[in-house]
Amino acid sequence: MTVSASDQGDGPILITEAAPSHEAEHARRRRKYSIMMSVRLACVIAAALTYQIWWLALGFLLLSIPLPWMAVLIANDAPPRKREDVNRFRRTAREVEGTSHPVIDSAD
């Protein structure tokens, strides 16, 4: 596949399978955490605004309770390690010899 100058944009082209840098990975996890905590704040505010409808306010509050726990779990989750193919020595299996060898009988 050929990439033209208009397709590649201003950023660099990724030509390696190397993992993202630690800083990029940390920034991605911080962004996920911030988004989830913003959703929690929005749920708490929505619960405060809908306090006249008790079941709706309770729903928003119940939704906001597990969000910090989930945000921490997702933010601390590291990407899976890549499987490395290590060049290892592999011996070939030996075959068992057949029994068709001539037998010399020494008993006279």
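To the nearest 0.5 Å, atoms CG (L62) and CG (L67) are separated by 11.5 Å.
By the side-chain hydrogen bond (donor to acceptor under 3.5 Å, both in side chains) test, R28 is found to be paired with E25, residues two or more places apart in sequence or in another chain being considered.
Hydrophobic clustering, defined by side-chain heavy atoms of Ile, Leu, Val, Met, Phe, Trp and Tyr closer than 4.5 Å, groups L41 together with I45, L49. Side-chain heavy-atom separations under 4.5 angstrom define the hydrophobic clusters, and L61 shares its cluster with no other residue.
Residues in residues 31-59 take part in no side-chain hydrogen bond (donor to acceptor under 3.5 Å, both in side chains) pair, two or more places apart or across chains.
Looking at every heavy atom in both residues, R29 comes nearest to A75 through CD-O, 2.9 Å.
Hydrophobic clustering (side-chain heavy atoms under 4.5 Å, transitive across Ile, Leu, Val, Met, Phe, Trp, Tyr) keeps I35 apart from I65.
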